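No experiment lies behind these values; they were computed from the predicted model shown.
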Amino acid sequence: MSFCIYLTHPHVQIEPSVPIPHWGLSDKGRAHAKTATDQSWAGAIRHVISSHERKAIETAEVFADAQGLSVRQVTAQHENDRSATGYLPMEEFEAVANQFFASPDTSIRGWETARAAQQRIVASVSDVLGTIPADDAVLFCGHGAVGTLLKCHLMNTPIDRCHDQSCGGNWYRFQRKDLEEQASPPLPWTLL
């Protein structure tokens, strides 16, 4: 059985007047994404999965193009739905994100709950892996919050922002069996 990598998109071009799912990578983010191809696991990847959001697609494409692979977009891999608020200035966003993780069963300002987002991302990853041969390594390109929610599930630990990445463009490795067994030791985020 092979491994999986969950990689979050790096720096984006923030455009307050544009819906968040349509934000793309900044030049810095694109350069940062290219370093994924230098990771020790890069040559083993056989499948690249992305959410349908531009920043995740662009991250996946940078990697896939360099490796001669294609990108499969999976809608259910999207970041936590925060369309009720749209763009929030950084300080306000961080405060709301803290509440999102601290109260996983409560919708904070209309955001999707952390529990619902976790159930969605776990089910989606499981469904995708069910369509891929067990010996094939898979790269999932996505978003920090849902990546953290997946990580909490894999580690069999309560939802908590203490398991979040410190900035975008991070990855962690997990095994397929961890989805069912939920017995992994802590999965460290690694900066590209």
Side-chain angles (χ1 to χ4, degrees), residues 1-10 12 20-21 33 36 39 41-42 44-53 55-60 63 71-82 96-108 111-132 134 136-192:
M1 188 172 290
S2 197
F3 64 91
C4 302
I5 299 290
Y6 190 92
L7 170 65
T8 64
H9 63 80
V12 298
I20 295 165
Q39 302 301 311
W41 44 261
I45 299 297
R46 295 294 169 260
H47 303 271
V48 180
I49 311 299
S50 172
S51 84
H52 67 285
E53 290 150 315
K55 54 198 167 218
I57 294 167
E58 290 179 2
T59 302
F63 182 88
V71 176
R72 177 176 160 194
Q73 293 179 33
V74 178
T75 302
Q77 303 259 328
H78 66 83
E79 66 184 329
N80 57 303
D81 183 354
R82 47 194 175 108
V96 177
N98 284 338
Q99 292 176 320
F100 168 79
F101 281 98
S103 300
D105 297 304
T106 302
S107 173
I108 309 300
W111 284 17
E112 174 183 29
T113 68
R115 183 88 54 221
Q118 183 183 54
Q119 290 168 345
R120 173 179 46 78
I121 191 68
V122 169
S124 180
V125 167
S126 182
D127 288 348
V128 166
L129 290 175
T131 68
I132 294 174
D136 288 1
V138 182
L139 173 65
F140 290 93
C141 293
H143 311 277
V146 292
T148 299
L149 296 171
L150 174 64
K151 184 175 182 255
C152 289
H153 173 82
L154 293 166
M155 295 187 320
N156 195 24
T157 191
I159 292 172
D160 193 316
R161 196 168 190 195
C162 73
H163 302 292
D164 199 3
Q165 61 181 355
S166 59
C167 63
N170 282 261
W171 62 272
Y172 61 82
R173 180 181 178 133
F174 66 96
Q175 302 296 320
R176 292 174 180 226
K177 65 179 175 57
D178 296 337
L179 278 171
E180 291 82 31
E181 294 176 13
Q182 298 175 285
S184 261
L187 302 170
W189 284 106
T190 302
L191 185 65
L192 285 176

For [X], give me all partners under salt bridge (charged side-chain N to carboxylate O under 4.0 Å, His left out), at least two apart in sequence or on another chain.
{"X": "Asp164", "value": "Arg161"}
{"X": "Arg82", "value": "Glu79"}
{"X": "Glu58", "value": "Arg30, Arg54"}

TODO: List for me each residue that meets side chain to side chain contact (heavy atoms under 4.5 Å, CB included) alongside Gln118, sequence neighbours excluded, and say none if there are none.
DONE: Arg115, Val122, Leu149, Cys152, His153, Ile159
If you look only at distance, which donor and acceptor atoms sit under 3.5 Å apart when one is on a side chain in residues 136-145 and the other is two or more places apart or in another chain?
{"unit_1": "Asp136", "atom_1": "OD2", "unit_2": "His47", "atom_2": "NE2", "d": "2.7"}
{"unit_1": "His143", "atom_1": "NE2", "unit_2": "Ser51", "atom_2": "OG", "d": "2.9"}
{"unit_1": "His143", "atom_1": "NE2", "unit_2": "Glu53", "atom_2": "OE1", "d": "2.6"}

Task: Mutual orientation of the aromatic rings belonging to Tyr6 and Tyr172 [parallel < 30°, tilted 30-60°, perpendicular > 60°] - done: parallel
Atom [atom1] of [X] and atom [atom2] of [Y]: how far apart are they, to the nearest 0.5 Å?
{"X": "Asp178", "Y": "Leu187", "atom1": "CG", "atom2": "CG", "result": "7.0 Å"}
{"X": "Leu150", "Y": "Leu179", "atom1": "CG", "atom2": "CG", "result": "6.5 Å"}
{"X": "Cys4", "Y": "Leu154", "atom1": "SG", "atom2": "CG", "result": "9.0 Å"}

Can a donor-acceptor pair be found, under 3.5 Å and without considering hydrogens, that links the side chain of [X] to the backbone of [Y]?
{"X": "Asn170", "Y": "Leu191", "value": "yes"}
{"X": "Arg173", "Y": "Phe3", "value": "no"}
{"X": "Ser107", "Y": "Glu112", "value": "no"}
{"X": "Trp189", "Y": "His163", "value": "yes"}

Task: side chain to side chain donor-acceptor pair (under 3.5 Å) partners for Arg46, two or more places apart - done: none
- [ ] Flag the pair Leu192 / Leu7 as yes when at least one side-chain heavy-atom distance between them is below 4.5 Å, and no otherwise.
- [x] yes
Open item on the list: To check you understand the geometry: which heavy-atom pair defines the closest contact between Val74 and Ile49, and what is its length?
Closed with: CG2-CG2, 3.6 Å
